[in-house]
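If you're wondering where the values come from, they're calculated on a predicted model, not measured in any experiment.
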Amino acid sequence: MNSLLIGELAPEQPSFEPTKNKELTDEFRELRAAVEQMGLMKANRAFFLLHLLHILLLDAAAWLTLRAFGTSFVPFVLCAVLLSAVQAQAGWLQHDFGHLSVFGTSRWNHLLHHFVIGHLKGAPASWWNHMHFQHHAKPNCFRKDPDINMHPFFFALGKILSVELGKQKKKYMPYNHQHKYFFLIGPPALLPLYFQWYIFYFVIQRKKWVDLAWMITFYVRIALTYLPLLGVKGLLGLFFVVRFLESNWFVWVTQMNHIPMHIDHDQNRDWVSTQLQATCNVHKSAFNDWFSGHLNFQIEHHLFPTMPRHNYHKVAPLVRSLCAKHGIEYQSKPLLAAFADIVRSLKESGQLWLDAYLHQ
């Protein structure tokens, strides 16, 4: 770090920026130390092993469905649903390995990350790391969080940015209808129409040949197992349906915790405040935990990104107390209410854009 040293502050100069909450930061550091002492940063590897096994069993069940019952409509749909569950659950599991929250060493986390995202899903680990680490550093900060790059070309996001866009008289889309066209170009389209081709562009452009090799093993495995049963057209149809279903699952779960929250330019706030204002939770239940890969505890995940997900519910009461002490809202809501809040927030920000566009 010596090459970055500019100088030392004079004794009378403040050592903490005025935009940052020093008391909150100090208390969070104490909480972090307490959480480590409680052993909540240590993974139960049996949990993750069982999760991987349930993914592999679902994968086998999908193939056996076609093998045993033929390729008529009902077995085809059942196979597609099972494979969609495989892809979604593998997505949550690769997220665990990508965050280095399973093994004590980076090497094993990286290896299993390559296996799950590359071989089970056909996507590159380097692409996920590149995108996701930026998201965690500055969630919901425009031009710093790639997860909100759909603003402004497809959606007007957040109250502040939407009004700003309207005042600038910019109209890339009819944003006042975005809560309607979200159902067309949001959940259904993200994976099959964008991610599916972009990931290949990413690995080739950046020469990530190891990632590409892992991805190829996914497509070879799919071809060897399903081509004899379905033929080329049937396999392509199955693949598109699976990506379509997975895309809906992925988008609703990943956006329910962020889109309704505060979205703005980076205000250089302290790290804890930045995470808290951009995240909310969905109530705990066995189904919600499974369906979202425990990302219903988004607040805890963002505050403790390397914590094993099975411990989120244990640290949640401590985080809630910290928020209450500092007057910070800790939001937790039912699953369907969280889904509805995505649409509600899009409708609200679209109307704010229209009002600013017409009258300011």
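Remark: Ala62 pairs with Cys79, Leu82, Leu83, Tyr226 by the side chain to side chain contact (heavy atoms under 4.5 Å, CB included) rule, at least two apart or across chains.
Shown here is Gln360, whose CD atom has more than 12 heavy atoms of other residues, nucleotides or ligands within 6.0 Å. Other residues, nucleotides and ligands place more than 12 heavy atoms under 6.0 Å from the NZ atom of Lys121. When the shell of 6.0 Å around NZ of Lys207 is examined, it contains 12 or fewer heavy atoms from other residues, nucleotides or ligands. A 6.0 Å sphere centred on OH of Tyr219 holds more than 12 heavy atoms belonging to other residues, nucleotides or ligands. Atom NZ of Lys347 is surrounded by 12 or fewer heavy atoms from other residues, nucleotides or ligands within 6.0 Å. For Lys284, the NZ atom sits in a packed shell: over 12 heavy atoms of surrounding residues, nucleotides or ligands are nearer than 6.0 Å. Heavy atoms from other residues, nucleotides or ligands lying under 6.0 Å from CZ of Phe133 number more than 12. Other residues, nucleotides and ligands contribute more than 12 heavy atoms inside 6.0 Å of the CZ atom of Arg221.
Aromatic ring orientation, Phe240 versus Phe244: parallel (interplanar angle below 30°, classes split at 30° and 60°). Aromatic ring pairs are classed by plane angle as parallel below 30°, tilted from 30° to 60° and perpendicular above 60°; the pair Tyr194 and Tyr198 is parallel. Ring orientation note: the planes of His135 and His302 are nearly perpendicular, at an angle over 60° on the 30°/60° scale.
Distance check, rounded to the nearest 0.5 Å: CG of Leu64 to CZ of Arg67 gives 9.0 Å. Here the CD1 atom belonging to Ile299 is positioned 5.0 Å from the OG1 atom belonging to Thr279, to the nearest 0.5 angstrom. Atom NZ of Lys333 sits about 4.0 Å away from atom SG of Cys280, to the nearest 0.5 Å. To the nearest 0.5 Å, atoms CG (Asp266) and CZ (Phe142) are separated by 12.5 Å. The CD atom of Gln178 sits 12.5 Å away from the CZ atom of Phe154 when rounded to the nearest 0.5 Å. Here Asn176 contributes atom CG and Lys171 contributes atom NZ; the two are 7.0 Å apart, rounded to the nearest 0.5 Å.
Linking ILVMFWY side-chain heavy atoms closer than 4.5 Å, directly or via other members, places Val116 and Val86 in a single hydrophobic cluster. No chain of hydrophobic side-chain contacts below 4.5 Å, direct or via other Ile, Leu, Val, Met, Phe, Trp or Tyr residues, connects Phe239 to Leu78. In the hydrophobic cluster analysis, where Ile, Leu, Val, Met, Phe, Trp and Tyr join through side-chain heavy atoms closer than 4.5 angstrom, Leu190 is grouped together with Ile117.
In this structure, Phe115 has its ring center closer than 6.0 angstrom to the ring center of His119. Taking the ring centroids of Phe304 and Phe28, they lie under the 6.0 Å cut-off. Residues His51 and Trp92 keep their aromatic ring centres 6.0 Å or farther apart. For His132 and His95, the ring centers sit closer than 6.0 Å to each other. In this structure, Trp127 has its ring center no closer than 6.0 Å to that of Phe200.
Between the side chain of Ser162 and the backbone N or O of Lys159 there is no donor-acceptor pair closer than 3.5 Å. Although no hydrogens or angles enter the test, the distance criterion places no donor-acceptor pair under 3.5 Å between the side chain of Thr65 and the main chain of Pro75. Between the side chain of Thr274 and the backbone N or O of Lys138 there is no donor-acceptor pair closer than 3.5 Å. Using modelled atom types, one side-chain atom of Gln267 and one backbone atom of His265 make a donor-acceptor pair closer than 3.5 Å. Using modelled atom types, one side-chain atom of Asp211 and one backbone atom of Ser126 make a donor-acceptor pair closer than 3.5 Å. Between the Gln87 side chain and the Leu120 main chain, a donor and an acceptor come within less than 3.5 Å of each other. Between the side chain of Gln298 and the main chain of Leu295, a donor-acceptor pair closer than 3.5 Å is present. Between the side chain of Trp290 and the backbone N or O of Gln89, no donor-acceptor pair lies under 3.5 Å.
Using a 4.0 Å cut-off between charged nitrogen and carboxylate oxygen, Glu246 and Arg243 count as a salt-bridge pair. Between Arg269 and Asp264, none of the side-chain N atoms (NZ, or NE/NH1/NH2) sits under 4.0 Å from a carboxylate O, so this pair counts as no salt bridge.
In this structure, Pro124 and Ile199 approach most closely via the heavy-atom pair CD-CB, 3.6 Å. Annotation for Pro305 and Trp271: closest pair CD-CH2, 4.4 Å, computed over non-hydrogen atoms. Pairing each heavy atom of Gly118 with each of Phe218, the nearest pair is O-CB, 3.4 Å. Pro187 and Phe182 get closest at one heavy-atom pair: CD-O, 3.0 Å.
For the 3.5 Å distance criterion, the side chains of Ser332 and His283 qualify, holding a donor opposite an acceptor. The closest side-chain donor-acceptor pair between His114 and His110, if any, does not fall under 3.5 angstrom.
Partner of Asn296 under the side-chain hydrogen bond (donor to acceptor under 3.5 Å, both in side chains) criterion, out of Asn288, Asp289, Asn281: Asp289 alone. Across Glu300, His294, His301, a single residue satisfies side-chain hydrogen bond (donor to acceptor under 3.5 Å, both in side chains) together with Tyr312, and that is His301.
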